[in-house]
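One structure is given here, and the rest of the page talks about it.
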Amino acid sequence: MVKGDRYALQKETLDDIIHNLIYIGAPVNNKTIMRHIMNQLMVENKAERQEILRVLLQLIVGYTPDDPGV
């Protein structure tokens, strides 16, 4: 992790999610990524991990290029 990289943990988590989606043959788009994050939030019980997922979800929701008109 690079010192000063504010979203390093979120980047690592997103990378893991994308690799997982590719592995299972699911489409990789914002909707499937958001669904995956929400599913992980529902089962995660570690507060630190929950916070990483919450911030990542906020970042993904704020950037949705696959939505019409974006």
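Throughout, numbering of the chain's residues begins at 1 and tracks the sequence. This structure is a prediction, so every number in the text was calculated from the model and none was measured.
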Looking only at heavy atoms, what is the nearest atom pair of Asn45 and Gln50, with distance? CA-NE2, 4.0 Å

From CD1 (Ile52) to CG (Leu9), nearest 0.5 Å: 4.5 Å

Transitively linked via ILVMFWY side-chain contacts under 4.5 Å: Ile24 with Met34? yes

Is the shortest heavy-atom distance from the side chain of Glu44 to the side chain of Lys46 under 4.5 Å? yes

From Leu56 CG over to His36 NE2, what is the distance, rounded to the nearest 0.5 angstrom? 10.0 Å

Criterion side chain to side chain contact (heavy atoms under 4.5 Å, CB included) on Thr32 and Arg35, from CA distance to verdict: CA-CA 5 Å; Thr32 57; Arg35 188 176 304 125; 4.0 Å; yes

I'd like a table of donor-acceptor pairs (distance under 3.5 Å, sequence neighbours excluded) in which one partner is a side-chain atom from residues 14-23, with atom names and distances.
unit_1: Asp15; atom_1: OD1; unit_2: His19; atom_2: ND1; d: 3.3
unit_1: His19; atom_1: ND1; unit_2: Asp15; atom_2: O; d: 2.7

Nearest-0.5 Å distance, CG of residue Leu59 to OG1 of residue Thr13: 11.0 Å

For Arg54, what residues pass the salt bridge (charged side-chain N to carboxylate O under 4.0 Å, His left out) criterion, not counting sequence neighbours? Glu51

Gap between atom CD of Glu12 and atom CG of Asp5 - 0.5 Å precision: 9.0 Å

Any side-chain heavy-atom pair of Leu53 and Met38 under 4.5 Å: no

